[in-house]
Structure formats: structure tokens, C-alpha cells
S.K.: 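The structure's right below; bear with me while I get my questions together.
Counting starts at 1 for both ligands and their atoms, following the listed order. What you are looking at is a predicted structure, and each value in this text was computed from that prediction instead of being measured.
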Amino acid sequence: MSLSGIKIRIIGAGVGGLAAGLALAQRGAVVSVFEQAGVISEVGAGIQVGPNGVAVLRALGLESALREGAIRARAVELRDHRAGARVLRLDLDALGPDQPYFLVHRADLIDLLASAARAAGVRVRLLQKAEGVVPGKAPRISLANGAESRADLVIGADGVRSVVREVLNGVQAPFFTRQVAWRAMVPNVIGQGPEARVHMGPGRHIVSYPLRGGETLNIVAVQERAGWAEEGWHREDDPDNLRAAFSGFGGEVPEMLAAVERVALWGLFRHPVAPVWHRGHVAILGDAAHPTLPFMAQGAVMALEDAWVLAEELDRAGQIEAGLAAYQARREGRVKRIVGAANGNAWKYHLRFGPLRAAAHAALRLGGAVAPGAMSRQFDWIYRHDVTRGG
Ligand SMILES: Cc1cc2nc3c(=O)[nH]c(=O)nc-3n(C[C@H](O)[C@H](O)[C@H](O)COP(=O)(O)OP(=O)(O)OC[C@H]3O[C@@H](n4cnc5c(N)ncnc54)[C@H](O)[C@@H]3O)c2cc1C
């Protein structure tokens, strides 16, 4: 089916919504994106885009623009929290020259997608908050401003608190993982090179990586705790709370944290992958379909993969329902595996019992020393998966 002339409404101008808008418009669809916010903006934070996400951006024609503002990461280093001793270095160059792993400012990625989508004819409409969707042959969106909109297809790319997910699946309560995360950006006071570093301590870890020419460091710090914190990006916290939580960390961490002036805190919640992704010409993608914990750095990348596959399967199929069914069939197993890996990853950094931690570190070090290639290859199923070549 050519998508020529098909009228598509997308709810949400995040990474997933904008990428889907662009991919669908490139195949001839007439696309509008409804965004609740008054400006398309992003929180000041970094995002890691692994090779499988870069493959989608390349196919959308955005790789060279991405390279201009991004840093190509050369390695991921795991370090012990006490003095920052290196436990393991995963060489990302070993993935191959055609498999770049980028560190990007979220706002830069959103700008890139939004300008390309607009240039491809996508209409991005701001201050358009969707309140409900009625599935059917001509699905209907009702907006908070009282207006209604009809289309041939409605796509919910409305993130972790998706209205469209609820329409398709009912309410699925997430549960608090007993972990919270702080996010901050600071000047690169430690002169960190083009790599992601994970400092691992008992019950907590800190990830740092440089952005925008290496002048800025992005910090994500995760701590296990019993208390609940609200899910969401924008809750400010006192930087001293972050410093207190990581006061036992040595090496470069104290200097990095001393530079923090503003910090956001949020609770990390586990959500089930939505069982129903489409009904009556309404579909969901990205966090709306499968919110994930951040421990594999694949949430936005999965949204990019979804966007590509959705456009390709709609284009290939003879009709919308068949295209949507093929989209879910192609994506569901993969996203469940990645979400599961992210769920299982935190404990690996957070071992509390000293001897166990030492043993785990030794095993990691040995693995890295004996077979660095094998350590990197264990991520092949994630990074070498290329949806633009049928994956
Ligand atoms: C700490 C942290 C670090 C992360 N790091 C990475 C990383 O390194 N790499 C990676 O790939 N992923 C990462 N992620 C995950 C990533 O941020 C998300 O998976 C990704 O943003 C999902 O994109 P999306 O387009 O599905 O949803 P969102 O980015 O949430 O976009 C949803 C959009 O929909 C709009 N919207 C919502 N409701 C409505 C409505 N009712 N009407 C209209 N508009 C609406 C919102 O305003 C928003 O613009 C991280 C997440 C966290 C929490």
C-alpha cells in the first residue's frame, strides 16, 4: 500500500512521535503531530544513541546532521566506587566503524527530528493536549481545548503516561522499583573523554558522559531506597541530597558532584509492556507501548526502531489493520527482551555484600582481560539489530 494521501494524526512530539511523523511523511502520508506543550523542548539532559538507533536516523537521512552535534563514544568503563579504579573497559570501537555509538543532547536530537519532519511536510501543532481517542475506521481524538480531530490512523506516541495506551489496555498500574534517579548537567570539570563511565557502589551507581564538544558532562545517579518518589522528569531536588547519597564515593565523583547546581529527581517505575498495541486504526509506540527502566539506554532508541517498523509495515501491507498487526508482531519480542534486560541490570551494579561484589568485579575484569571482544559481543543482539534492513 502506498501511504500517499493517508491522513495520520500522531499524539506526542517526543523522539518516537517525530521520528514516526518523518518516516510516514517520507512514504507519502499526510501527517499532523499534536503536542500538549507550548514549545517543542526537551529537558537539559543527555541521551545515548546506540548503533541500532543510529541505523534508523541514517535511513531517515539524519546521520550527518547528528554527527555534527554528537560525540562518538569510544568506550563504556565500569569503575569501583571507592577510588574509581577501573573494573572493566568495553571498547565500543570494537563494534566496527559502521556501528557508531553517539552521546547527544536530548534537545539537539529533538530539534533535528522536528526540523526534518517539518521539512518533509509534517504539521506539528502545539498546545494540543489529547484527552481521549475513540478507535474505529475513522478514529477520533478529543482535545482538551474542546476540539475534535478525525483521521485514517491515530498513533499514540504520548510517552510513559499515555492516554492512548489506557484506551487500548485499560489502567495498568506500574510499581516503584525502590530506586530513584537524579539527573544533572555540569561543566566537564574532570576532563572526561569520549566515553560513558559507570561508578558502581553498594546500592547505588553514577553514570557520566560528555556532551556537545566535551564541554558538558551529563550525570545520572541511581540510588536504592524504600521511599517513593514521583515518576516524571521535572521534580527539582537539593543538590546536597545527591552529594549526601554519594558521599562514600571517591575518585573523580566528589569533584563532579561538587559542580552540580541544579538537579532533578524522579522515581523509577516498572511498567508491563502493553499487551494491546493497536485496535480500530489506533496504535501506540515508544514509551506509550513499552516504558523501560534506563539501565540499557534503549528507551528512545526503541522508539526510533518502532517508528521505522510501523511506517515500513503500513507501507508494505494492503491495509491499515494488517500493517499494524505486522508492526506489533515484528516489535513485541524484541522490546520485551530489552525491557527485561534493563529490569535485570541494576543489581549488577549495586551488589551490597563486599565479597560478592569483589567476586563480581573480578569476574568482570577477567572477562574483559581474557576476551574483550566477547564482552562487547554480548550486546550484538541489541546493537547489530538493524530494523532498516528487515530486523
Ligand atoms: C534517566 C533516563 C535516562 C535515559 N537515557 C536514555 C538513553 O541514554 N538512551 C535512550 O535511548 N533512552 C533513554 N531514556 C529513555 C527515553 O528518554 C525514553 O524512552 C524516550 O524519551 C521515549 O520517547 P517517546 O517519544 O516514546 O516518549 P516521550 O519522549 O515521553 O515523548 C512523549 C511526548 O508526548 C507528549 N504528550 C504526552 N501526553 C500527551 C497528550 N495527552 N497530548 C499531547 N501530547 C502529549 C509529551 O509532552 C512528549 O512531548 C532515558 C530515560 C531516563 C528516565
S.K.: Heavy atoms only, cut-off 4.0 Å: how does F34 contact ligand 1, side chain, backbone, both, or neither?
M.R.: backbone

S.K.: For ligand 1 and V160, I'd like to know whether there is a polar contact (N/O to N/O, distance under 3.5 Å).
M.R.: no

S.K.: Has R178 got more than 12 heavy atoms of other residues, nucleotides or ligands less than 6.0 Å from its CZ?
M.R.: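 Open.
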
S.K.: Is NZ or CZ of R330 both nearer than 6.0 Å to the six-membered ring centre of W308 and within 45° of the ring axis?
M.R.: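 Not satisfied by the 6.0 Å and 45° rule.
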
S.K.: Just jot down the ligand 1 atoms closer than 4.0 angstrom to any heavy atom of Q48, in number order.
M.R.: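 Heavy-atom distances to Q48 below 4.0 Å select 7 (C), 8 (O), 9 (N), 10 (C), 11 (O).
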
S.K.: Any N/O of A288 closer than 3.5 Å to an N/O of ligand 1?
M.R.: no

S.K.: Quick check for you: to the nearest 0.5 Å, what is the distance between Y101 atom OH and Y383 atom OH?
M.R.: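 The OH atom of Y101 sits 4.0 Å away from the OH atom of Y383.
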
S.K.: Are any of the N/O atoms on Y209, whether in the backbone or the side chain, positioned under 3.5 angstrom from an N/O atom of ligand 1?
M.R.: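 Min N/O separation from ligand 1 is not below 3.5 Å for Y209.
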
S.K.: Does any N/O atom on A300 come nearer than 3.5 Å to any N/O atom on ligand 1?
M.R.: yes

S.K.: Between L242 and A221, which heavy-atom pair has the shortest distance, and what is it?
M.R.: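 Nearest pair, atom of L242 first, then A221: CD1-CB, 3.6 Å.
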
S.K.: Which of the numbered atoms in ligand 1 are under 4.0 angstrom from any heavy atom belonging to V163?
M.R.: 41 (N)

S.K.: Which atoms of ligand 1 sit under 4.0 Å from any heavy atom of A157?
M.R.: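 Under 4.0 Å from A157, ligand 1 has these atoms: 32 (C), 33 (C), 34 (O).
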
S.K.: Hey, which atoms in ligand 1 end up nearer than 4.0 Å to a heavy atom of I11?
M.R.: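 Contacts of ligand 1 toward I11, numbered from 1: 40 (C), 42 (N), 43 (C).
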
S.K.: Do other residues, nucleotides or ligands put more than 12 heavy atoms under 6.0 Å from E148 CD?
M.R.: yes

S.K.: Indicate yes or no: does E215 engage R212 in a salt bridge with an N to O separation below 4.0 Å.
M.R.: no

S.K.: Listed by chain and number, what are the side chain to side chain donor-acceptor pair (under 3.5 Å) partners of H278, not counting sequence neighbours?
M.R.: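 Scan of H278 (side chain to side chain donor-acceptor pair (under 3.5 Å), adjacent residues dropped) gives none.
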
S.K.: With nothing but distance in play, are any N or O atoms of V301 less than 3.5 Å from an N or O of ligand 1?
M.R.: yes

S.K.: I'd like to check which ligand 1 atoms, numbered from 1 as shown, lie under 4.0 Å from a non-hydrogen atom of Q128.
M.R.: 42 (N), 43 (C)

S.K.: Donor-acceptor pair, distance only, cut-off 3.5 Å: does the side chain of Q328 make one with the backbone of P275?
M.R.: yes

S.K.: Number the atoms of ligand 1 from 1 as they appear, then name those within less than 4.0 Å of a heavy atom of G159, with their elements.
M.R.: 27 (O), 30 (O), 32 (C)

S.K.: Nearest heavy-atom pair of F102 and R67: which atoms, and what distance?
M.R.: CZ-CG, 3.5 Å

S.K.: Atom 42 (N) of ligand 1: which of A13, A144, G14, A130 has the nearest heavy atom?
M.R.: A130

S.K.: Any chance the rings of F295 and H205 have centres within less than 6.0 Å?
M.R.: yes

S.K.: Based purely on interatomic distance, does R106 place a nitrogen or oxygen under 3.5 Å from a nitrogen or oxygen of ligand 1?
M.R.: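 Checking ligand 1 against R106, an N or O pair does fall under 3.5 Å apart.
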
S.K.: Under 4.0 angstrom from ligand 1, any heavy atom of K129?
M.R.: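 In this structure, K129 qualifies as a contact of ligand 1 - some heavy atom is under 4.0 Å.
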
S.K.: Quick one: look at R161 and ligand 1, take heavy-atom pairs under 4.0 Å, and tell me if it's side chain, backbone, both or neither.
M.R.: neither

S.K.: Any nitrogen or oxygen of G46, main chain or side chain, under 3.5 Å from a nitrogen or oxygen of ligand 1?
M.R.: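 There is no such contact.
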
S.K.: Mark up the atoms of ligand 1 that fall under 4.0 Å of a heavy atom belonging to G286, in ascending order.
M.R.: 26 (O)

S.K.: Considering all heavy atoms of both residues, which atom of G46 and which atom of N218 are nearest to each other, and what is their separation?
M.R.: N-OD1, 2.8 Å

S.K.: Checking R74 now: which residues fulfil side chain to side chain donor-acceptor pair (under 3.5 Å) with it, not counting sequence neighbours?
M.R.: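 Once residues adjacent in sequence are excluded, the partners of R74 under the side chain to side chain donor-acceptor pair (under 3.5 Å) criterion are D93.
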
S.K.: Taking N or O atoms only and a 3.5 Å limit, does W266 qualify as a polar contact for ligand 1?
M.R.: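 Checking ligand 1 against W266, no N or O pair falls under 3.5 Å apart.
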
